[in-house]
Number of protein chains: 2
Amino acid sequence: MEKDYKDFEIIVGNKLKEARIEKGISQEDLSINSGLDRSYISMLERGKRNPTLLVIFKLCQTLDISPNLLIKNIEDAL
Amino acid sequence: MEKDYKDFEIIVGNKLKEARIEKGISQEDLSINSGLDRSYISMLERGKRNPTLLVIFKLCQTLDISPNLLIKNIEDAL
DNA sequence: CTGTAGACTTCAGTCGACT
DNA sequence: TAGTCGACTGAAGTCTACA
């Protein structure tokens, strides 16, 4: 059962965007409340960056989703 | 319910180490099988580095633990 | 509201060697 | 077996600005 993580960042970005839309806030709201840069969040959602675990936790806190649920969503999509 | 993430890396490192000991392998085994550097794994376990999400997934695969479970362990410890 | 671009600083992650 | 050190490369994350 090999995992190649080929589209890893794309999947992470998709799941982050889903969670943000679900929450009904803009990238700008998310950036302000999480303390991260808006342009960086844009890149994350488009799969252009590979976030650190700390960034994941910060985003999840603002998105009102538990990190383990987001990670499970990502696992399921891999 | 403020989270300050003050000891975030320490907690992540502790949980990673727990999982490795549970699996019964050395840092070197883990480094070889995950494709990551042994000295880096040493730093991770001691809370000296903040890993990317991709690193977490790679380590979990070798450790035979699902990423969402590791993340849940970390959440519970925060 | 979002994407992108460039320039920037900091840190993730590698590598070899030694304790 | 694990910790650490120094030097290194590439990538994380910031900031300003414009379409």
Side-chain angles (χ1 to χ4, degrees), chain A residues 2-65 67 70-71 74 78, chain B residues 2-65 67 70-71 73-74 77-78:
Chain A
E2 307 299 314
K3 289 186 182 173
D4 55 7
Y5 303 117
K6 186 174 169 296
D7 296 318
F8 186 77
E9 296 174 7
I10 299 289
I11 291 169
V12 172
N14 287 342
K15 295 303 174 185
L16 281 174
K17 183 165 190 172
E18 278 179 23
R20 179 177 61 81
I21 300 301
E22 175 71 17
K23 170 81 174 168
I25 63 177
S26 66
Q27 288 182 353
E28 185 163 15
D29 292 333
L30 178 54
S31 77
I32 292 170
N33 294 322
S34 64
L36 293 161
D37 195 74
R38 188 189 63 77
S39 74
Y40 179 60
I41 291 176
S42 174
M43 298 180 99
L44 278 183
E45 288 190 356
R46 300 180 65 81
K48 302 292 187 186
R49 285 285 194 279
N50 173 32
T52 61
L53 192 54
L54 181 55
V55 163
I56 293 292
F57 270 70
K58 286 179 177 174
L59 291 173
C60 283
Q61 186 170 13
T62 298
L63 292 170
D64 285 322
I65 179 179
L70 176 68
I71 269 56
I74 292 167
L78 280 173
Chain B
E2 306 300 313
K3 289 187 183 173
D4 57 6
Y5 302 117
K6 184 174 173 297
D7 296 319
F8 186 76
E9 296 173 7
I10 300 289
I11 291 169
V12 171
N14 287 343
K15 294 305 173 183
L16 280 174
K17 183 165 190 172
E18 277 179 23
R20 179 177 62 79
I21 300 301
E22 176 71 17
K23 171 79 174 168
I25 64 176
S26 65
Q27 288 181 352
E28 184 163 18
D29 291 334
L30 178 54
S31 77
I32 292 170
N33 294 323
S34 64
L36 293 161
D37 195 74
R38 189 189 61 78
S39 73
Y40 180 59
I41 291 176
S42 174
M43 298 181 99
L44 277 183
E45 289 190 356
R46 300 181 64 81
K48 302 292 186 185
R49 285 285 195 276
N50 172 32
T52 61
L53 192 54
L54 182 54
V55 163
I56 292 292
F57 271 69
K58 286 178 176 174
L59 290 174
C60 282
Q61 187 170 12
T62 299
L63 292 170
D64 286 321
I65 179 178
L70 176 68
I71 268 56
N73 289 341
I74 293 168
L78 279 174

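The chains referred to below are lettered A, B, ... by the order of the sequence lines, with proteins before strands, and numbering in each begins at 1.
Atom CD1 in A:Ile41 sits about 14 Å away from atom C1' in D:dC15, given to the nearest Å. With rounding to whole Å, B:Met43 atom CE is found 10 Å from D:dG3 atom C1'. Rounded to whole angstrom, the span from the CZ atom of A:Arg46 across to the P atom of D:dA12 amounts to 17 Å. Atom pair B:Ile56:CD1 and D:dA12:P shows a separation of 15 Å (rounding to whole Å applied). Distance CZ (A:Arg38) to P (C:dT4): 11 Å, rounded to an integer number of Å. Atom pair B:Lys48:NZ and D:dG3:P shows a separation of 11 Å (rounding to whole Å applied). Rounded to an integer number of Å, the gap from CD of B:Glu9 to P of C:dC11 is 10 Å. Summarising the geometry, the separation between CG on A:Asp37 and P on C:dT10 is reported as 16 Å, rounded to the nearest angstrom.
Residue B:Tyr40 is the one, among B:Thr52 and B:Tyr40, whose nearest nucleotide of DNA chain D lies closer to the 5' end (criterion: closest heavy atom).
Contact annotation: A:Arg20 side-chain N/O to C:dT2 OP1/OP2 distance is under 4.0 Å.
At a cut-off of 3.5 Å, with distance as the only test, no side-chain donor of B:Glu45 or B:Tyr40 sits close to an acceptor on the other residue.
The CG atom of B:Leu16 sits 9.0 Å away from atom CD1 of B:Ile41, with the distance rounded to the nearest 0.5 Å. Expressed to the nearest 0.5 Å, how far CD1 of A:Ile74 lies from CZ of A:Phe8 amounts to 6.0 Å.
Checked by atom type and distance alone, the side chain of A:Arg20 pairs as donor or acceptor with a backbone atom of A:Ile25 at under 3.5 Å. Not a single donor-acceptor pair under 3.5 Å links the side chain of B:Tyr5 to the backbone N or O of B:Leu78.
For a distance-only test at 3.5 Å, the side chain of B:Ser39 qualifies as a donor-acceptor partner of the base of C:dC15.
Heavy atoms of A:Ser42 sit under 4.0 angstrom from at least one base atom. Among the atoms of the strands shown, only primed sugar atoms or phosphate atoms (P, OP1, OP2) are found under 4.0 Å from some heavy atom of B:Glu28.
With D:dT14, C:dG3, C:dG13 as the choices, the nucleotide that has an atom nearest any side-chain atom of B:Leu36 turns out to be C:dG13. The side chain of A:Pro51 lies closest to D:dG13, out of C:dA12, C:dG3, D:dG13. Here the nucleotide nearest the side chain of A:Ser26, chosen from C:dT14, C:dT2, D:dA12, is C:dT2.
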